[in-house]
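Since this is a predicted model, take the numbers as computed values, not measurements. Naming: A, B, ... by sequence-line order, numbering from 1 per chain.
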Amino acid sequence: MLPKGPYNSGNTEPEILKYWLDGKFFKPEYHPERGLLSTEEMKTDGREPFCIVNPPPNAYMRPHIGNVSGYAYQDVFLRYNRMKGKKVLGQPGKDHAGIQGEVVLEKIFWENKKKTKQDMGRDKFYKASYSHFLKLMPMVMADEQRIGLSSDYDRNIFTLDPKIVKTVLGTFTKMFEDKMVYKGVRIVNWDPIAKTTLADIDTEREERDGELVYINYPIAGENKKPKIKTIVFDIYGVVVKADEQKTIDQEIIALIKDLKHQNYKIGLLSNTKEENLVEHDSDGQYLKLFDFQYFAADTNNPKPDPKAYEKFEEKYSLKPEEILFIDDNIENLSPAKKRGWITFHYQDNTENLKKFIETGREYLTVATTRAETMLGDTAVVINPKDERYKDLIGKKLILPLVDREIPVITSPHVDMEFGTGAVKLTPAHSMDDYKMMNEWNVENGEEKKVGYINVIDKDAKMTGPIPEKYKGLTTEECREEISKDLEKQGLIVKREPHKMNVMIGERSKAVVEQIMSSQWFIDVEKLKQPAIDAVKNGEVQIHPDYMKKKYLHWMENLHDWPVSRSLWWGYRIPVWYKGEVKEEVNQETGQIIETINGVQVDGIYDAVAKGLAKVQIDEPGSENRKNLFLIPGKHGYANRKLFPEIKNEYPHAAILDVKGLDDPEYKNYVDEFKKYDFDEASIIVAHSLGTRAILRYLLDNKIKVNSLIMLAPGCRKPRSNGRDQKYLDLITNAHDYDQLKDLIKNIDIVYSDNDELMTLKNFEDFVKLIPGAKAHLEKNKMHYASSDYGNRSEIVKGLLKEKLDANIENNLTKFTVVRHAQTDHNKIKAFCGSLDPKLNRTGQVQAEMFARTLKESNEKYDMIISSDLKRAKETAEIIAKELKLEVISTELIRERDFGILEGKTWQQVETEYPKLAKKIEEQYQEEIPEGESINKVEDRVRAFLDMIRNDYSGKKILLVTHFGIIRILKRELLGETPEESRKGQIDNLQRFEMRIKPESDWIQDLDVFDTWFSSGQWAYAPLIANDLIDTFYPTDIMETMHDILELWVSRMMMLSLYTQKKIPFKHVYLHGMVKAADGQKMSKSKGNVVLPEEIIEKYGADSLRLMYLVGNKAGASYPVSYEKLEGYKRFLNKIWNASKFVLSNTENIKPSDKSSNKEDKKLLRELMTLKQTIIRHIDNYRIGMAAEELYSHFWHYFCDVFLEEVKPRLYTKDREGNPINQGPKEQKSRKEAQSVLLYALREYMKMLNPFIPFITERIWQEIEPEKTIMYESWV
RNA sequence: GGGCGGUUAGCUCAGUUGGUAGAGCACUCGCUUGACGUGCGAGUGGUCACAAGUUCGAAUCUUGUACCGCCCACCA
């Protein structure tokens, strides 16, 4: 029985959620009849798979209202398909959030530990970040569960999980092999403070006052422009009558007069009547001012008639390039410019005007706000339609100050009306110029190609092929200098104040410079076509349909994709360099050149060819996987399947191309083996005949090998031709076996009892035939693979991993670090650094006991190293005696000299030097007078570690040293922070285990991938990680917000089609943006953010789901509506009460869809059509309509009509309590009504379940307490 | 400037094979409280932005205009 009172979502929903999770109903392994299957059973259980990979929310932040909206839609699909009888996987994950994540983490570490990421170092920052995010993930997951999203949370995975990382990086290495990645020089936003490239989104714009400077670029030699012959003035409102003069007229008048003297033709374009242009002479007479050669009335003043200029030219047959136009109103200049007239503003100082008129013939004037970048100009661009400069196209200009010739080129992007209509082109330092350069080069080919010259370096200082005096200046300083120098040379025509938008780094607030830099790119040409086709031909459908256009438009205009980002938090680019990579500006050419270890390289393929770079997932050699050799045999299996798989996983493994294996001449493959350097670290996997060949080779050449995995070694009976016998002999000759135990540390044999021509008996013989290796062989495992090679590769791979891990372990240098035994100073806890006391009696005993314990524990050390101070050396010697080892002592690990504190106890120090004591407590680096600085000690310790790396690599060392040194070692080797390392005491003879990794000479690329490169692989990476790719890929639906269709969905399409050769999903469902109640976009700054958890608390998850779902269409945004939430809460209550009514009237009744009653029949018909409608809507991705239909049908038909009608048939008593409906007819009608009622309720609950799962499940518990509603079928 | 949407009742929005305009909220009137912290019934309210076209018939298809929104590009 349902409890009385209104529906309480707050209590019910968490209970139901627990019921689902405990029941494992969210797992695809759950089978409605067979219960929970094993994963393997599930994979082959015959049910149709259905999968949605959930877009991963940020791992560090509770999902916002928009994320939750996505869950609602995804969950409808998941639950609907589950009810259809499919095995359903919702694959959840959490995102590391790229740059956003890094910003958040930096903030957290700063607030909590006052540490920048640089303080922490890259490794530590990454690790700390990783564990921080892992801690936050459950919180995010709880929110996903709370809304009811029925994904398989056991399979939740973090985007930086090593398994995902492997897939993501693997895609890159594959692309590298397919020649689809390249490193190219490209313009980037460079933050000179943060020393990083910035994406546009990480920048802000700030308006600043600047100056637009007009600079004359001389026209080279014979290319001079035609002369300006005509000067046209519009001087309306300036000079009408001399006594009405307003401002600067006298100067203009003087100018005009002057120009007339110089035989320029003067025109007037004005609505001022010519006769009104008069001058007031000294006698007070009005005199006619000018005789104009040309005159045109501009009747449309103050807005001039655009045609006026055309008419003007026509009337007097003038050429636009020979006209200079001067106006008093800057607005009016536009139409004149459109006609291609050179324009000048009247208010410009007449000196400049004059100069321009005089010199304009020899120069092309450009306008710029960034004069300093002219040093990097490589062209001047004009609009191809611009009449004024038409004759200059293709001609050369001389770049002032640098004396370099640059061409005049064209681009339609140039605005003829801005400045002079001629733009200086600085491709290295302006995105736009860079693009214009590229477009020009594409259209005009090699001959007319324009390059870039980089003149700003990464500190935002001037560099490159520029006059010495500018080098090293900041851009601002240089702008000043240039401006001065140009002024001196008379090349500045005019200056006008100009507001400019400066790009600012969002975080550093530094002015962002655009400079050339080497970046990673993905060539999308090969990627994009399949992704376009799949959508065009409908293989992938997008809902709403019109978004297809957005997608295609984006895809078709896609250019190469820059994928590197200067961050630490993300997938570090798996490219390794042999030495330092430097980007330098060539001082002769201004080109960016890249060097590795001082050697210039031309792109990554060149670097790899030169052996200076490698593109592979793991650090080359660091894990000693380089000594992995794969030796194929005669038969196909290993060559064809296994070895390529291994090679894929360990790209540096060598597959030996031994062609001569079945050649009777043994020497053929010996020759092949000779090319390789087998040694003690080697792991050899050999197959079949290859096994015997390599064994022979190792034996003959006495080569020691760490591990040999013999795969189907083929100890078969000799064939009649005698050739096989010969091979068999290679390993069956008894005299060889003695040597095997010395040469090969581990032998593993993988074989099956059904291997061709091989019998178990042969094999056991083989093992027995190595008498000397017996003890060793006991450790080896024998694997009995199935006959069809079924798990053979798994066995080999497992073994391999084991061996490789062991190899890594073996190659580490290991320390057991021990503090020296007790001295008298220790006893009283006095400072003792440079003082050199001996052990006291207790100390000697301590050391002896320690030595004995070591000996008994059977730990083996290669050597003992101690500090050269007596207490340490003495301790070491006592131990050495017991272990029969030599002691090497070094001053590098002496205790710190504590200066004036030597010999004093802490209490003494506190009394004598209270200030110093306090400081030491606070700050471990505090200097001590006359003492040694911590930095110096740290340097000593580092030098010591270097020495170990160089001379004692791979050894196991017992290290006897001091308190302070141990703390430093903990920081250096265990990665402890200073605080951590200072915690607690270190007792005499207390030991610590530490290890040193071998130093690699390979340096990994510093950048990480663009987040879209990794998230673009999200459709399959988690499935690979969970080993479900074969079962659930391609997935069915990708559900996300429409705004990342282009950024995300398109990338998933491209990368999935590339790596998986199959579409990633069949449908893309795009939901709209959830806006705030006021219709505005939600943002923290507006303070209108609505938190899902608050809504859920107040209205319940079901109500919130309905708010997202009911009546909304795909792609459209909609506001949070409290009215609706209120309404849906009432709807839930309605369902609750109607169910209560039905259930209370149908106890012990069986549901039935048969009835003779007219109303019942109508209800049953209604239910049928409703069901069909709902199915149609959902199948056509009209979730909103399906939900709306259900809502109104349940309420306004079932409750309002049917329930009211059925009541009289149910009652057995009237209002007064008298029995009614007692006749057999009425009884039958009542019974039918009850059965149909219950049937209808069941059907409604099932249909409603995908939309409002909690309440329907709760009610279902009353209907069928033993079963969940989740797997009830109704479709 | 390019691309894509939107413009329907006072408000928020539905309306897919073109056939007499819908929901929720709000408003008016009435009824009801033994499923319903309420519910039910009835009602008010829209030349579906504007214009032209196709059609027997257009909110729905075509073209154009206006306004609003989003994305992308641009501002030397």
Side-chain angles (χ1 to χ4, degrees), chain A residues 2 4-7 200 205 210 212-215 366-371 373-374 377 380-381 411-415 417-426 429-433 435-436 498-501 544-554 556-557 1042-1047 1072-1073 1075 1077-1081 1106-1107 1110-1113 1115-1145 1176-1177 1180-1182 1184-1185 1187-1189 1191-1192 1195-1196 1199-1201 1203-1204 1206-1207 1210-1211 1213 1215 1237 1241:
Chain A
L2 291 170
K4 282 199 170 178
Y7 175 61
D200 288 344
R205 299 275 174 172
L212 194 61
V213 185
Y214 288 70
I215 307 170
V366 298
T368 181
T369 54
R370 296 207 54 192
T373 63
M374 68 168 285
D377 282 2
V380 169
V381 200
S411 165
H413 299 297
V414 174
D415 181 354
E417 294 175 38
F418 190 93
T420 62
V423 188
K424 57 192 273 309
L425 188 86
T426 322
H429 304 295
S430 153
M431 288 280 177
D432 312 324
D433 292 6
K435 279 178 200 153
M436 283 199 270
H498 185 78
K499 298 260 184 231
M500 56 181 191
N501 279 328
D545 191 55
Y546 65 78
M547 295 277 185
K548 196 162 120 177
K549 283 187 246 171
K550 281 172 73 176
Y551 172 87
L552 291 173
H553 183 256
W554 166 274
E556 276 156 6
N557 292 305
H1042 68 84
D1043 65 337
I1044 47 175
L1045 171 69
E1046 293 103 324
L1047 290 173
M1073 181 191 285
K1075 303 214 165 150
D1078 56 7
Q1080 301 266 308
K1081 211 167 167 173
L1106 288 175
M1107 188 196 85
V1110 177
N1112 286 324
K1113 58 178 175 184
S1117 53
Y1118 53 93
V1120 167
S1121 161
Y1122 292 99
E1123 286 86 14
K1124 282 192 178 177
L1125 285 166
E1126 199 61 56
Y1128 297 135
K1129 192 179 173 183
R1130 284 211 289 270
F1131 177 56
L1132 297 182
N1133 204 46
K1134 189 81 181 171
I1135 295 173
W1136 185 250
N1137 283 304
S1139 305
K1140 255 199 291 197
F1141 174 77
V1142 172
L1143 291 168
S1144 66
N1145 280 294
R1176 205 179 63 236
H1177 282 322
N1180 287 299
Y1181 295 84
R1182 295 191 296 264
M1185 290 184 71
E1188 191 168 338
E1189 196 76 34
Y1191 173 89
S1192 73
W1195 196 325
H1196 299 303
C1199 293
D1200 292 353
V1201 178
L1203 287 188
E1204 294 306 324
V1206 85
K1207 277 177 184 173
L1210 295 173
Y1211 291 145
K1213 284 174 186 169
R1215 285 174 190 268
L1237 257 184
L1241 182 70

Sub-3.5 Å pairs of nitrogen or oxygen atoms, protein against nucleotides 1-12 of chain B:
residue	atom	partner	partner atom	Å
B:rG5	OP1	A:Lys549	NZ	2.9

Walking RNA chain B from its 5' end, the first of A:Val414 and A:Asp1043 to be reached, judged by nearest nucleotide, is A:Asp1043
Contacts of A:Val423 and A:Gly5 projected onto RNA chain B by closest heavy atom; the upstream (5') one is A:Gly5
Does B:rA73 have OP1 or OP2 sitting under 4.0 Å from an N or O in the side chain of A:Lys435? no
Strictly below 4.0 Å: does A:Trp1195 bring a side-chain N or O up to OP1 or OP2 of B:rG24? no
Does [Y] offer a backbone N or O that forms a donor-acceptor pair with the side chain of [X] under 3.5 Å?
{"X": "A:Asn1112", "Y": "A:Met1107", "value": "yes"}
{"X": "A:Trp1136", "Y": "A:Gly5", "value": "yes"}
{"X": "A:Thr426", "Y": "A:His429", "value": "no"}

Find the partner of B:rA23: check Watson-Crick (N1-N3 plus N6-O4 or O6-N4) and G-U wobble (N1-O2, O6-N3) distances, both under 3.5 Å, and reply none if neither fits. B:rU12
Using a heavy-atom cut-off of under 4.0 Å over every strand shown, decide if [X] touches base, sugar-phosphate, or nothing.
{"X": "A:His1177", "result": "nothing"}
{"X": "A:Leu425", "result": "nothing"}
{"X": "A:Met1185", "result": "sugar-phosphate"}
{"X": "A:Lys1081", "result": "sugar-phosphate"}
{"X": "A:Val1110", "result": "nothing"}
{"X": "A:Lys1213", "result": "nothing"}

Rounded distance in Å - CG (A:Leu1047) to P (B:rC70): 17 Å
Name the closest nucleotide to the A:Glu1188 side chain, picking from B:rA76, B:rA14, B:rG24. B:rA14
Taking the six-membered ring for Trp, are A:Tyr1191 and A:Tyr1128 parallel (under 30°), tilted (30 to 60°) or perpendicular (over 60°)? perpendicular
Do we see a donor-acceptor contact under 3.5 Å between the side chains of A:Lys424 and A:Thr373? yes
Polar side-chain contact A:Glu1204-B:rA35 base: donor and acceptor under 3.5 Å: yes
Listed pairs, N/O of protein and of nucleotides 25-28 of chain B, under 3.5 Å:
residue	atom	partner	partner atom	Å
B:rC25	OP1	A:Arg1130	NH2	3.4

Should A:Asp377 and A:Leu425 be marked as a side-chain contact (heavy atoms from CB on, under 4.5 Å) after you check the CA-CA gap, both sets of side-chain angles, and the distance that decides it? CA-CA 5 Å; A:Asp377 282 2; A:Leu425 188 86; 6.0 Å; no
Identify whether NZ of Lys or CZ of Arg in A:Lys1134 sits under 6.0 Å from the centre of the six-membered ring of A:Tyr7 and within 45° of that ring's axis. no
Shortest non-hydrogen separation from A:Met547 to A:Leu1045 and the atoms involved: O-CD2, 3.3 Å
Are A:Val1206 and A:Leu1237 side-chain neighbours, meaning at least one heavy-atom pair lies under 4.5 Å? yes
